[in-house]
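First up is the structure itself, then whatever we jot down about it.
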Number of protein chains: 2
Amino acid sequence: MAKKRITITDIAREMGVTPSTVSRALAGNNRVGLNTRQRVLKVAAQMGYQPNVLASSLRSGRSDTIGMVVPRINRHFFSHVISGVEALLNPAGFNLLIIQTHEREEHERKAFHTLLRNRVAGIIVSHSVETRDFSHFQKVIDEGVPLVQFDRVSGLIAGPRIVNDNFLGALRSTQHLIKNGCTRIAHFAGALHVNVYQERFDGYRYALEQAGIDFDPALVVENCIIQEAGMEAVTSIVLPQKVDGIFAASDFSALGAIQKLKEFNVAIPDDVKISGFANEPFAEMVEPTLTSVEQNAFEMGNQVAKAVIENIGKEELLSEEIHIAVRLIQRRSSVSDSLLMNSVV
Amino acid sequence: MAKKRITITDIAREMGVTPSTVSRALAGNNRVGLNTRQRVLKVAAQMGYQPNVLASSLRSGRSDTIGMVVPRINRHFFSHVISGVEALLNPAGFNLLIIQTHEREEHERKAFHTLLRNRVAGIIVSHSVETRDFSHFQKVIDEGVPLVQFDRVSGLIAGPRIVNDNFLGALRSTQHLIKNGCTRIAHFAGALHVNVYQERFDGYRYALEQAGIDFDPALVVENCIIQEAGMEAVTSIVLPQKVDGIFAASDFSALGAIQKLKEFNVAIPDDVKISGFANEPFAEMVEPTLTSVEQNAFEMGNQVAKAVIENIGKEELLSEEIHIAVRLIQRRSSVSDSLLMNSVV
DNA sequence: GACAAAAATACAAACGTTTGCACAAAAAAC
DNA sequence: GTTTTTTGTGCAAACGTTTGTATTTTTGTC
């Protein structure tokens, strides 16, 4: 395997200078003469030199790798945040080490260890749904590595937090159902110890309150974010409770509800109106198309990248919380009118 | 930032032994006494020691990081291959550095450079659709880094190739359309310089030939893999040419066709039968549900991981091509019969 | 108890960089 | 023409490990 790699010393020997000069030349240090610098660059290219990042980082104590820990990379939302992060980080000379936790707290802890052992310059994280103990987050900070949280964040941990405006999205979504005539609105909630689901729940309750509709706990389905749960909720809650609107904290459970309701020949949106959350790609493919709250994942990624870059080398993390605006996309699952148009609310 | 980290030397000093003993103890080397080894482990844990992978890799010349370069991480297929790779690689002590190319050859080249600079132990790649020049692949091999290609592979490059049985998938899919009565079958093809699309095209042609149906070049739409292209193809080819079946090399173009045909009130599957490729999640959400060829992405990931592990440290790459079986999933877009059932073909 | 063999540990160099400091040569100032 | 400043380069240590060899300690044998 590994053929002998060209090192800075090889170049130095070849040119009759010292490694330090070569190093400085490659780094663009202006303490080295212009023509030697150019010669070095030429020879390096000629010899096929590839800098050894390991040696460089070890000596300099700096790293150009940022770790990113997410529940899953194949979620529409997360993959777009990743793209947004890359879009700023790569031009800035950093690269991303992505690890998925598959929603397991244990994997999340392991991921943090791996990243710390690899001496990353910073860590970006959206925690797993299992995570309730955030001591590993604190450990990262204690090691002096900047930690940026996004989307699913814990308020107990210092540092930047980039979050969606879940409350407002939920509020607008529920208000939209009310405006369209719903009075018994069920909520498919997520795990309420996770901030995003708690906030969506809060938005839902606030909308009801504002409209003078009594909150009925019987209409809230907890842990209802996957397709199957949405289907079940139809038989267990939606039909028996004569629900006429569903605000789901997830497009997947909304999808399950649509499918199950169709089986029962319940008309959507005439009998039951539905809106989801996250605007998954399938939202405009399902029949009827699904009203949902779109999150600006790419923009969120940009803000995340900005935050992490800003905090590298800082003594103390700046603990700001940045809210990313969301917009409600109205589709056929909640509006019968064929004059329907997408509208930003 | 970076508080002082505990090193092996700190532990050694604390215990009154030398760093080499600590190193060997942590590595589980049996040249160090049992009780000192246990003492070292305890003290290390106590002091919160995190090994420095950079220093370790630099000295040992070994790395526990594998690079993976894919067009996009949010494609159903690729994200599942990634999971399959992780499933074997993580337990084996490796971690994955994932880089997406967004289908740009330039990004692919940069990704390779980044990985080589980081001295990864191996590289896994599925090339971008733009890539026609594979000199960067060769460079990786010349550097002595094992390169494993999967799905989209180039036959010009040595080393393991893990591929789907595209030919057979296309063959079965087209035969299925023929069996269900289609005689004028269009093919939505991809870029034919990419092996997967060429193979699907070949399978389509072979099926026609076997069935005694003349191949009509007018029914082949090149570069038709995205949704919009599928919609366009309906007006430009499908309707004017009185096509009664479509074998699409991509679920996305198949989806576009379904949507457009519905606009024209063409009955699916009665007037036109459609089958796609890749079994994207939306295939069973769209109306009518879409017949497609499922690829065993997770299994492919396993094979990829196996291949890369096997080839680390090898002098010469073993150039085997492994084919992963696919299966046709029959849905309503191609079968009117309500007695339809998923069948492995 | 002397001696060899085996086991445990220490020593020191190496991996490929970066970087503070020393130093020489050239340029500028007097 | 000497001194000062600037500019360019070299020297050598350091980053935190790993590892071949040397050395010490322990164990076993007679």
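In this text, all values refer to a predicted model and were calculated from it rather than measured experimentally. The analysis underlying the following values was restricted to heavy atoms, covering all of them including side chains, and did not include hydrogens, waters or symmetry mates. Residue numbers start from 1 in every chain, and the chains themselves are labelled A, B, ... in the order their sequence lines are given, proteins ahead of strands.
A salt bridge does not link B/E103 with B/R72: every distance from a Lys NZ or Arg NE/NH1/NH2 to an Asp or Glu carboxylate oxygen is 4.0 Å or more. For A/E143 and B/R5, the salt-bridge test passes: some basic side-chain N is under 4.0 Å from an acidic carboxylate O. Between B/R13 and B/D10 there is a salt bridge, with a side-chain nitrogen of the basic residue lying less than 4.0 Å from a carboxylate oxygen of the acidic one.
For the atom pair B/I99 CD1 and B/E108 CD, the distance stands at 11.0 Å (nearest 0.5 Å).
Within residues 7-16 of chain A, the residues having any heavy atom under 4.0 Å from DNA chain C are, by residue number, A/T7, A/I8, A/T9.
Counting heavy atoms from C-beta on, the side chains of A/V120 and A/I66 never come closer than 4.5 Å.
Between the side chain of B/H193 and the main chain of B/V129, a donor-acceptor pair closer than 3.5 Å is present. The main-chain N or O of A/H127 is found under 3.5 Å from a side-chain atom of A/R152 such that the two form a donor-acceptor pair. Looking at B/N311, its side chain never comes within 3.5 Å of a backbone N or O of B/L317 through a donor-acceptor pair.
Among all heavy-atom pairs drawn from B/I162 and B/Q303, the shortest one is CG2-CB, 3.8 Å.
A/N30 comes within 4.0 angstrom of sugar-phosphate atoms only, judged by non-hydrogen atoms across all strands, and of no base. Here B/V17 lies in heavy-atom contact (under 4.0 Å) with sugar-phosphate atoms only. Counting non-hydrogen atoms under 4.0 angstrom, A/S20 reaches a base of the nucleic acid. A/R37 comes within 4.0 angstrom of nothing in the nucleic acid, heavy atoms only. Across all strands shown, B/R62 has heavy atoms under 4.0 Å from sugar-phosphate atoms exclusively, and none from any base. Across all strands shown, A/S57 has no heavy atoms under 4.0 Å from either base or sugar-phosphate atoms.
No hydrogens or angles considered: nothing links the side chains of A/K110 and A/H136 as a donor-acceptor pair under 3.5 Å. Under the 3.5 Å distance criterion, with hydrogens and angles disregarded, a donor-acceptor pair is assigned to the side chains of A/T21 and A/T18.
Residue-to-nucleotide proximity on DNA chain D shows that, of A/T36 and B/A27, the 5′-proximal contact is made by A/T36.
Using a 4.0 Å cut-off, some side-chain N or O of B/S23 falls inside it from OP1 or OP2 of D/dT18. Phosphate contact (OP1/OP2 of D/dG20, side-chain N/O of B/R59, threshold under 4.0 Å): absent.
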Produce the list of close N/O pairs, under 3.5 Å, pairing protein atoms with atoms of nucleotides 21-24 of chain D; give distances to one decimal.
residue, atom, partner, partner atom, Å
D/dT21, O4, B/R31, NH2, 2.5

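On the nucleic acid side, DNA chain C has its first and last nucleotide under 4.0 Å of a heavy atom of chain A at C/dG16 to C/dA22, going 5' to 3'.
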